[in-house]
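A short write-up of the structure that comes next.
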Amino acid sequence: MAKVYYDKDINTGSLQGKTVAIVGYGSQGHAHAQNLRDSGYNVIVGLREGKSFDKAKEDGFDVRTVGEAVKDADVTMVLLPDEGQPKVYEAEIKDNLKENSALAFAHGFNVHFNQIVPPENVDVFLVAPKGPGHLVRRTYQEEAGVPALFGVFQDVSGNASDVAKAYAQGIGAARAGVLETSFQEETETDLFGEQAVLCGGLTSLVKAGFETLTDAGYQPEVAYFECLHELKLIVDLMYEGGMENMRYSISDTAQWGDFVSGPRVINEETKARMGEVLTEIQNGQFAKGWILENQAGRPQYNAINNSEYKHPITAVGQELRDLMPFVQNPIR
Ligand SMILES: NC(=O)C1=CN([C@@H]2O[C@H](COP(=O)(O)OP(=O)(O)OC[C@H]3O[C@@H](n4cnc5c(N)ncnc54)[C@H](OP(=O)(O)O)[C@@H]3O)[C@@H](O)[C@H]2O)C=CC1
Ligand SMILES: CC[C@](O)(C(C)=O)C(=O)O
């Protein structure tokens with residue numbers, strides 16, 4: 001079994017007393033900044049003026065321009081959107097990095113696909129939480145955590161691995177488990193997971209179920225509860241105790257349906273499509289398409305985003321969730 005690091009296994013000395021610049025204060029940025037601060041580290045935030053800048057100030061951080069934050073940092077963690085990182089890196093980060101400091105990422109995309117080529121005089125590592133930023137923060141506050149991967153691309157100090165592990169510990173990940181990876185493995189598995197399973201696979205599955213029921217004349221509210229709302233409750237059981245725990249809690253009728261009908265929906269054909277998705281990630285085709293889409297001003301992204309928003313599941317979901325104030329919604 002791979003080595004999994006927990007709090008007790010990590011010596012945080014290599015990060016103690018250091019200044020960490022968190023560049024970006026969005027989903028991951030606010031969580032890393034707040035968790036590291038609560039873990040006792042000195043955190044500064046690098047941003048442009050705007051919504052995030054005001055929020056980070058409101059949250060009590062020392063907020064500076066990106067360049068001013070990087071200049072004073074022993075560790076610069078880049079938590080800008082992947083597609084925006086190369087430009088900000090060239091203009092504001094590269095020439096401000098202190099000799100022997102560390103440049104860090106939460107996803108290997110830009111380094112792995114050569115969109116950012118770090119200088120030779122800094123450590124380069126990643127700490128990639130395996131969960132959304134808002135949950136990285138929420139679980140930390142609940143004395144729990146989201147697991148993370150760490151990987152070293154360049155080790156100038158001889159300490160990069162220790163600093164990365166201490167960083168992962170500081171954001172709360174070592175409460176759940178921290179695993180070593182490479183930039184290549186993190187980038188390819190993360191892109192695969194979000195496309196084929198977690199985001200792309202899941203939204204397609206939910207919409208297909210919702211549409212099958214509503215096309216057959218069932219009420220959209222019933223279809224929403226069945227195909228989206230209950231999904232969280234079922235996944236919670238899997239999160240807590242694996243598929244066996246979910247199957248322990250559901251009825252035998254549901255379990256028989258799971259056995260005989262599940263493989264009719266998701267099967268070898270689906271796996272073949274998943275294989276195609278993975279190949280396009282590995283050979284750089286996906287990365288090229290995403291980089292070009294951004295250079296063109298995101299015409300396809302915006303068109304699909306607009307039409308997805310108009311899907312009937314959106315309106316019925318908003319109505320039903322508004323009547324469930326206990327459901328935590330970061331964008332409400
Ligand atoms: N979202 C997630 O949960 C996960 C993300 N990651 C990785 O974390 C990184 C950050 O992603 P994510 O948190 O989703 O990003 P978000 O889009 O949520 O946040 C981006 C932040 O960067 C700021 N920003 C954007 N452009 C600039 C600029 N030119 N100069 C200064 N600040 C800028 C934004 O501020 P403003 O308000 O001014 O726009 C915002 O605070 C990515 O590498 C991603 O792959 C990894 C694991 C999970
Ligand atoms: C599943 C999406 C993710 O990879 C994540 C939250 O881990 C992301 O990049 O946002």
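Whatever order the structure lists ligands and atoms in, that order sets their numbers, starting from 1. Given the structure is predicted, the values throughout are model-derived calculations rather than measurements.
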So which heavy atom in the protein is nearest atom 18 (O) of ligand 1, and how far is it from that ligand atom?
Ser27 N, 2.9 Å
Please work out which of the three classes, parallel, tilted or perpendicular, describes the rings of His107 and Phe109, given edges at 30° and 60°.
tilted
Can you tell me if Gly46 has a non-hydrogen atom under 4.0 Å from ligand 1?
no
Test your reading of the structure: does Asp190 have an N or O sitting under 3.5 Å from an N or O of ligand 2?
yes
Considering only heavy atoms of Tyr25, which atoms of ligand 1 have at least one such atom less than 4.0 Å away?
21 (C), 40 (C), 41 (O)
Can a salt bridge be assigned to the pair Lys55 and Glu58 using a cut-off of 4.0 Å between side-chain N and carboxylate O?
no
Tightest non-hydrogen contact, residues Phe113 and Thr187, listed as CE1-CG2, 3.6 Å
Show which atoms of ligand 2 fall inside a sub-4.0 Å distance from at least one heavy-atom site of Glu194.
1 (C), 2 (C), 3 (C), 4 (O), 8 (C), 9 (O)
Audit row: Asp72, Arg64, salt bridge (charged side-chain N to carboxylate O under 4.0 Å, His left out) steps and yes/no
CA-CA 11 Å; Asp72 284 341; Arg64 310 179 185 179; 2.6 Å; yes
In terms of ring plane angle, is the pair Phe61 and Tyr25 parallel, tilted or perpendicular, where the classes change at 30° and 60°?
perpendicular
In the protein, what heavy atom is nearest to atom 13 (O) of ligand 1, and what distance, to one decimal place, separates them?
Gln28 N, 2.8 Å
Options Gly24, Gly108, Gly133, Pro81, ranked by nearest heavy atom to atom 20 (C) of ligand 1, top entry:
Pro81
Who's closest to atom 31 (C) of ligand 1 heavy-atom-wise, of Arg48, Glu92, Lys130?
Arg48
By number and element, which atoms of ligand 2 are closer than 4.0 Å to a non-hydrogen atom of Cys199?
1 (C), 2 (C)
If you take the nearest heavy atom of each of Asp54, Leu80, Val146, which one is closest to atom 11 (O) of ligand 1?
Leu80
Within the 3.5 Å criterion, strictly below it, is a donor on Asn100 or Ser157 matched to an acceptor on the partner's side chain?
no
Subset of ligand 1 atoms that lie under 4.0 Å from at least one heavy atom of Leu79
8 (O), 10 (C), 20 (C), 21 (C), 22 (O)
Pair Lys165 + Asp162, salt bridge at N-O below 4.0 Å:
yes
Report yes if the side chains of Val124 and Phe183 come closer than 4.5 Å at any heavy-atom pair, otherwise no.
yes
Determine, stepwise, if the pair Phe210 / Leu228 fulfils side chain to side chain contact (heavy atoms under 4.5 Å, CB included).
CA-CA 8 Å; Phe210 179 87; Leu228 192 151; over 6 Å; no
With atoms numbered from 1 as shown, which atoms in ligand 1 lie under 4.0 angstrom from a non-hydrogen atom of Pro129?
47 (C)
Which atoms of ligand 1 have any heavy atom of Val88 under 4.0 Å away?
28 (C), 29 (N)
Would you say atom 10 (O) of ligand 2 touches the protein, meaning some protein heavy atom is under 4.0 Å from it?
no
Number the atoms of ligand 1 from 1 as they appear, then name those within less than 4.0 Å of a heavy atom of Gly131, with their elements.
3 (O), 48 (C)
Under a 4.0 Å N-O cut-off, is there an ion pair linking Asp62 with Arg37?
no
Criterion side chain to side chain contact (heavy atoms under 4.5 Å, CB included) on Met274 and Gln195, from CA distance to verdict
CA-CA 9 Å; Met274 286 185 171; Gln195 290 175 33; over 6 Å; no
Do any heavy atoms of Gln85 fall under 4.0 Å from ligand 1?
yes
When you measure from atom 45 (O) of ligand 1 to each heavy atom in Thr187, Asp82, Leu149, Leu191, which option holds the nearest one?
Asp82
Short list, please: which atoms of ligand 2 are under 4.0 Å from a heavy atom of Gly131?
6 (C), 7 (O)
If you count the atoms of ligand 1 from 1 in the order shown, which ones are under 4.0 Å from a heavy atom of Ser52?
34 (C), 35 (O), 36 (P), 37 (O), 40 (C), 41 (O)
